[in-house]
Amino acid sequence: MEAFKTFASVAVPIDIPNCDTDQIIPARFLRRAADDPDYHSFLFADLRFEKDGSDTEFVLNQGPYRAGKIFVADINWGCGSSRENAVTALTANGIRSVIAPSFGDIHYSNCIKNGVLPVPLSVEDCATLRAQIRESPGAEIAIDLETQSLTGPDQTTYVFEINAFDKHRLLNGLDDVELTLEFDTQIDSFELIYKTENDWAY
Amino acid sequence: MGKTLFEKIWDKHVITQRDDGDVLLYIDRHLTHDLHFRSFGKLKEKGLKIRCPEQLYGTPDHSVPTTAKVLSDIPEGEMRETVEVLAQAADEHGFHHFPMTDERHGIVHVVGPEQGITLPGLTLVCGDSHTSTHGALGCLAFGIGSTEVQHVLATQTLWQRKPKSMRINVTGTLGTGVSGKDVILAVIRKISAAGGTGYAIEYAGSAIDNMSMEGRMTICNMTIEAGARSGLVAPDDKTIDYCKGRPFAPEGVKWDQAVAYWKTLCSDADAVFDKEVTLDAESIAPMVTWGNSPQYALGVHELVPDPELEPDPITRAEMVAALDYMDLKPGMRLSDISVDTVFIGACTNSRIEDMRAAAAVAKGRHAKARTLVVPGSGLVKKQAEAEGLDKIFIEAGMEWREPGCSMCIAMNGDMLAPGERAASTSNRNFRGRQGPGSRTHLVSPAMAAAAAVCGHFADVRDFVV
Ligand code: SF4
């Protein structure tokens with residue numbers, strides 16, 4: 001996966017509380033391959049496109065926001081299903097970070113595993129940032145993962161939380177499977193004892 | 001200090017713990033379905049093998065049309081491909097597979113408990129958020145994404161961070177016509193769709209103790225709609241009776257060992273939860289959702305709320321948008337909302353008890369709206385037919401279908417037209433969930449049947465004899 005160190009981009013306000021994964025990518029696209037050349041168009045497909053395929057007024061279709069690679073969202077972003085396709089739809093559009101007051105648990109880990117940085121900030125801070133980028137379309141946000149900080153369009157700096165292991169994975173673009181395979185002998189010996197002690201389960 | 005039920009199961013599965021707190025957790029059972037058909041090819045590309053194929057169980061559910069009996073009944077193209085690839089992978093790798101021609105096939109969360117794959121004290125994962133369902137048996141179960149699916153395939157483990165703990169106590173006795181579905185909708189309304197985020201939930205209290213296994217599964221199923229990845233109910237005699245004799249459950253001496261262990265699986269009296277929530281069962285009415293998040297649920301006699309009275313501006317805006325999408329007006333009575341389609345099925349409510357509850361209302365009546373009844377597995381279908389429930393539905397003018405996810409996610413051809421309104425026993429009322437532009441109201445099976453025979457929402461308690 002692509003490492004995440006620093007990133008700056010035009011930011012897009014997504015004013016949808018409880019924005020579920022079904023909205024981020026509708027189910028009818030879930031059987032598509034991640035390398036489908038149309039994947040970028042699945043993101044928010046029902047909000048972005050009319051039935052005839054023409055653009056709606058949705059924020060991602062408006063002027064400078066088209067170039068936005070950072071989302072500033074509302075509470076409970078990515079709630080709902082475990083579909084990692086929701087993150088693929090983000091990465092297919094080059095989205096590298098979502099800033100929100102809270103995230104769906106499974107979506108949060110799916111983001112981490114695909115080089116997308118979820119940034120939790122307070123409800124008030126997210127509302128402030130959304131207001132700023134709404135007022136000045138094209139305004140940028142800059143993120144530095146190493147220092148766990150973010151700079152808003154007015155140069156205000158915000159500090160955010162991230163678990164140490166997640167940070168390490170993202171900074172180095174680490175793939176979990178490779179990492180875990182280093183524990184192979186430990187898994188083997190655990191398994192042996194565990195399955196003997198719990199042979200009712202096997 | 002004592003341990004919670006969650007901690008007891010968790011601790012037993014920790015292989016190693018990092019300094020930052022993340023643990024490598026051993027996974028006993030992995031369930032998979034047709035939407036993960038790409039996992040096997042990806043694993044191969046990376047030069048990896050399935051570590052424990054005997055701990056992997058697959059069945060097609062999302063992409064199977066509810067009119068199809070054999071593979072060739074599925075329209076050619078990606079729908080058929082998913083089902084085909086899963087079957088080929090099972091052949092190649094030797095994992096358990098219940099193909100669509102096998103009566104044991106169905107929705108993965110119905111099949112797991114039904115086959116005794118899900119057992120108390122185990123860890124179970126599946127690339128599907130409603131894996132929380134299996135927690136009803138005292139099994140630590142949660143949904144994972146597709147990268148994690150590959151991780152489990154290759155290593156039979158997962159890196160996890162211990163969640164906080166929440167106990168939800170449902171005290172007292174549920175009224176007639178009030179089911180597990182109504183309880184969980186009342187819970188989500190109370191704690192919100194994000195209220196459980198970061199927590200593992202344990203359900204307790206007399207209403208849970210007295211509830212059937214099916215009802216508990218419905219509650220745990222929708223735990224993810226409250227934001228929590230897993231929900232647990234401590235195993236009791238009902239759980240043990242439910243597991244006994246199931247095909248993959250232990251037998252003989254192993255069964256006795258299992259039962260002895262399962263009896264230790266409860267939260268200690270002095271265990272401390274990070275959060276406790278209590279609901280009074282008597283106060284829970286049959287529920288109907290009105291918005292696009294399961295937290296927007298109402299007792300059947302309440303009125304559609306007025307956003308003007310909502311103090312929080314974010315919630316107010318969300319309510320206004322939901323009323324617009326759902327084409328509802330503040331102050332409307334639910335019985336004034338007519339439905340176009342009724343869907344009885346999905347991993348929330350497609351077990352035998354759900355079929356019986358719907359049939360009890362449908363019996364001798366006639367549906368005024370298109371109604372699809374979709375059992376959760378081939379075995380549920382067979383049992384329902386043995387009890388004559390299929391005839392009740394058919395005589396009521398309802399459609400009795402083959403098992404699968406069906407109109408819950410609208411990936412198999414069963415869907416609503418834009419603007420169509422459904423009473424649905426599924427778990428998500430998200431925009432477009434049942435087809436682009438679809439309008440979904442979540443209800444229990446009995447309430448769905450009542451809506452079907454009335455053509456609008458109605459209080460099922462007026463039907464219960
Ligand atoms: S029935 Fe619906 S919620 Fe359940 S597994 Fe199938 S699609 Fe998912």
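What you see is a predicted model; the values in this text were computed from it and never measured. Numbered from 1 within each chain, the chains take letters A, B, ... in sequence-line order.
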Show the nearest heavy-atom pair for residues [X] and [Y], with the distance to one decimal.
X      : Y      : answer
B:D20  : A:N163 : O-ND2, 3.9 Å
B:L122 : A:A201 : CD2-CB, 3.6 Å
A:N76  : B:A193 : ND2-O, 3.4 Å

Going by the side chain to side chain contact (heavy atoms under 4.5 Å, CB included) test, name the single residue among B:V259, B:D256, B:L119 that passes it with A:W200.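 The side chain to side chain contact (heavy atoms under 4.5 Å, CB included) with A:W200 is passed solely by B:L119 among B:V259, B:D256, B:L119.
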Qualifying residue for side chain to side chain contact (heavy atoms under 4.5 Å, CB included) with B:T147, from A:N114, A:D176, A:I112: A:N114
Using non-hydrogen atoms and a 4.5 Å limit, figure out which bit of [X] sits close to chain A: side chain, backbone, both or neither.
X      : result
B:Q295 : side chain
B:F248 : neither
B:T82  : side chain
B:S63  : both
B:R433 : both
B:H13  : both
B:P120 : backbone
B:M79  : both

Counting N and O atoms only, with roles assigned by atom type, does the side chain of A:R31 sit under 3.5 Å from a partner on the main chain of B:M411, one being a donor and the other an acceptor?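 Yes, the answer is positive, given that a donor and an acceptor are paired below the 3.5 Å cut-off.
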Measure distances from [X] to the heavy atoms of chain B and classify the residue's part below 4.5 Å as side chain, backbone, both or neither.
X      : answer
A:I16  : neither
A:V87  : neither
A:R32  : both
A:P26  : neither
A:F103 : backbone
A:N198 : side chain
A:Q186 : both
A:A127 : neither
A:D199 : both
A:N110 : side chain
A:F165 : both

Between [options], which has the largest tally of heavy atom pairs under 4.5 Å with chain B?
options                       : answer
A:K195, A:H168, A:H107, A:R83 : A:K195
A:A164, A:A34, A:S81          : A:S81
A:N18, A:D46, A:D74, A:T180   : A:T180
A:A45, A:A33, A:C79           : A:A33

Would you mind reporting whether [Y] and [X] have side-chain heavy atoms less than 4.5 Å apart?
X      : Y      : result
B:C52  : A:E191 : yes
B:I314 : A:P17  : yes
A:K51  : B:P436 : no
B:W159 : A:L179 : yes

Between [atom1] on residue [X] and [atom2] on residue [Y], distance to nearest 0.5 Å:
X      : Y      : atom1 : atom2 : result
A:K113 : B:I144 : NZ    : CD1   : 9.0 Å
A:T21  : B:R428 : OG1   : CZ    : 6.0 Å
B:I224 : A:D105 : CD1   : CG    : 6.5 Å
B:I15  : A:I193 : CD1   : CD1   : 11.5 Å

Would B:R229 and A:Y108 count as a cation-pi pair here, with the cationic atom under 6.0 angstrom from the ring centre and within 45° of the axis? no
Among [options], which residue forms the greatest number of heavy-atom pairs with chain A at distances under 4.5 Å?
options                : answer
B:A194, B:G435, B:S146 : B:S146
B:F37, B:F142, B:W255  : B:F37
B:Q257, B:R431, B:E78  : B:E78
B:K12, B:E251, B:E225  : B:K12
B:G437, B:G198, B:A317 : B:G198

Go through B:R161 and A:D166 one step at a time and tell me if the salt bridge (charged side-chain N to carboxylate O under 4.0 Å, His left out) criterion holds. CA-CA 10 Å; B:R161 197 157 308 144; A:D166 288 345; 3.0 Å; yes
Have A:Y202 and B:Q55 got a donor and an acceptor in their side chains that come within less than 3.5 Å?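 A pair is found: one side chain offers a donor N or O, the other an acceptor, under 3.5 Å apart.
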Parallel, tilted or perpendicular for A:F190 and B:Y26, by the 30°/60° rule?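 Rings of A:F190 and B:Y26: tilted, as their planes differ by 30° to 60°.
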Decide yes or no on salt bridge (charged side-chain N to carboxylate O under 4.0 Å, His left out) for A:D188 and B:R51, but give the supporting numbers first. CA-CA 11 Å; A:D188 282 345; B:R51 181 183 169 103; 2.7 Å; yes
